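Computed from a predicted structure; not experimentally measured.
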Amino acid sequence: MRCMTSSDKPGPAADAPAETSGAAGGAGATPVAARDWDTAASDPQYRAAVVDLLGALAYGELAAFERLAEDAKLAPTLADKAELAKMASAEFHHFERLRDRLAEIGEEPTGAMEPFVAAYDGFHKQTDPSDWLEGLVKAYVGDSIASDFYREVAARLDTDTRELVLAVLDDTGHAGFAVEKVRAAIEADPRVGGRLALWARRLMGEALSQSQRVVADRDALSTMLVGGVADGFDLAEVGKMFSRITEAHTKRMAALGLAA
């Protein structure tokens with residue numbers, strides 16, 4: 001579901017190393033977030049978690065490229081169509097970086113992505129926009145929830161992986177574009193706001209459910225989140241993480257001129 005990001009970046013600064021040490025390496029070991037990939041990947045469980053993370057991100061970027069290309073067909077003007085095509089191109093370049101990184105660390109990219117195809121495709125099937133405005137809201141609101149989640153996880157990754165993950169989460173320009181177009185549509189016809197607000201609430205629920213299902217289905221990722229591999233996460237922290245993601249969603253809704 002990953003497509004674009006927002007300037008609302010919740011949670012701890014993703015470029016700041018965690019201060020506590022995880023299970024890998026024992027007490028007093030260097031925190032994962034302060035290690036490079038070669039050092040951190042000596043833990044096979046951590047390596048498996050990162051492969052899952054990169055695979056999920058890679059398929060998310062590929063799906064985002066496909067969807068933006070489809071959304072461009074609904075664009076009301078040639079200028080809008082060109083803008084979406086440019087964003088789709090940026091998403092495909094993100095996919096290429098993730099694919100190449102998986103190959104670089106000795107993993108088959110297709111195999112790494114495959115476990116996440118059903119979840120992503122299911123989300124997109126359940127949240128297929130009916131028009132141009134719903135597509136913009138989906139990209140701005142729905143996909144940003146996934147971006148927030150990945151940023152939270154990135155704060156606990158090794159330095160090399162964290163740098164890559166944050167780079168592919170960079171905003172492709174869709175955030176400002178979506179806000180401008182949606183607010184203009186609501187100003188022209190205030191009735192549009194109610195429909196889009198309901199749509200955004202549905203997206204929020206589906207996105208959170210999908211994220212939780214993906215994590216639950218992948219042992220290495222779930223272990224990372226509850227503190228068995230990466231630094232600083234425990235069950236209480238996971239709850240706080242989802243609270244921060246919800247708060248960021250509320251801010252995005254306000255930016256669109258919609259009630260959360």
Can you name the nearest heavy-atom pair linking [X] to [Y], along with the distance?
{"X": "A72", "Y": "K81", "result": "O-NZ, 3.0 Å"}
{"X": "V179", "Y": "A255", "result": "CG1-O, 3.5 Å"}
{"X": "A112", "Y": "V51", "result": "CB-CG1, 4.0 Å"}
{"X": "D80", "Y": "P76", "result": "OD2-CG, 3.4 Å"}
{"X": "A178", "Y": "Y140", "result": "CB-CB, 3.8 Å"}
{"X": "P129", "Y": "D71", "result": "CG-OD1, 4.3 Å"}

Greater than 12 external heavy atoms within 6.0 Å of [X]'s [atom1]:
{"X": "K86", "atom1": "NZ", "answer": "no"}
{"X": "E187", "atom1": "CD", "answer": "no"}
{"X": "E163", "atom1": "CD", "answer": "no"}

[X] and [Y] ion-paired at < 4.0 Å:
{"X": "D131", "Y": "R195", "answer": "yes"}
{"X": "E70", "Y": "R67", "answer": "no"}
{"X": "E61", "Y": "R97", "answer": "no"}
{"X": "R47", "Y": "D52", "answer": "no"}

When you look at L258 and I186, which way does the side chain to side chain contact (heavy atoms under 4.5 Å, CB included) test go after all the steps?
CA-CA 9 Å; L258 301 175; I186 294 172; 3.5 Å; yes
How about [X] and [Y]: do any of their side-chain heavy atoms sit closer than 4.5 Å?
{"X": "L136", "Y": "L256", "result": "no"}
{"X": "L169", "Y": "Y150", "result": "yes"}
{"X": "L84", "Y": "L68", "result": "yes"}
{"X": "L53", "Y": "L157", "result": "yes"}
{"X": "W37", "Y": "R101", "result": "yes"}
{"X": "W199", "Y": "L133", "result": "no"}
{"X": "D148", "Y": "F242", "result": "no"}
{"X": "T159", "Y": "R162", "result": "yes"}

Check whether any side-chain N or O of [X] sits under 3.5 Å from a backbone N or O of [Y] as a donor-acceptor pair, and report yes or no.
{"X": "S42", "Y": "T39", "result": "yes"}
{"X": "K138", "Y": "T127", "result": "yes"}
{"X": "S89", "Y": "A85", "result": "no"}
{"X": "E107", "Y": "P109", "result": "no"}

From [atom1] ([X]) to [atom2] ([Y]), nearest 0.5 Å:
{"X": "M87", "Y": "E83", "atom1": "CE", "atom2": "CD", "result": "4.0 Å"}
{"X": "S144", "Y": "I245", "atom1": "OG", "atom2": "CD1", "result": "11.0 Å"}
{"X": "E247", "Y": "R244", "atom1": "CD", "atom2": "CZ", "result": "8.5 Å"}
{"X": "M253", "Y": "L203", "atom1": "CE", "atom2": "CG", "result": "9.0 Å"}
{"X": "L102", "Y": "L54", "atom1": "CG", "atom2": "CG", "result": "5.0 Å"}
{"X": "H94", "Y": "R99", "atom1": "NE2", "atom2": "CZ", "result": "14.0 Å"}

Centroid separation F95 to F92 less than 6.0 Å
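Yes, close enough.
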When clusters are formed by joining ILVMFWY residues with side-chain heavy atoms under 4.5 Å apart, either directly or through shared neighbours, do V182 and L198 land in the same one?
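No.
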Contacts of D160 that satisfy salt bridge (Lys or Arg N to Asp or Glu O under 4.0 Å) - sequence neighbours left out
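Scan of D160 (salt bridge (Lys or Arg N to Asp or Glu O under 4.0 Å), adjacent residues dropped) gives none.
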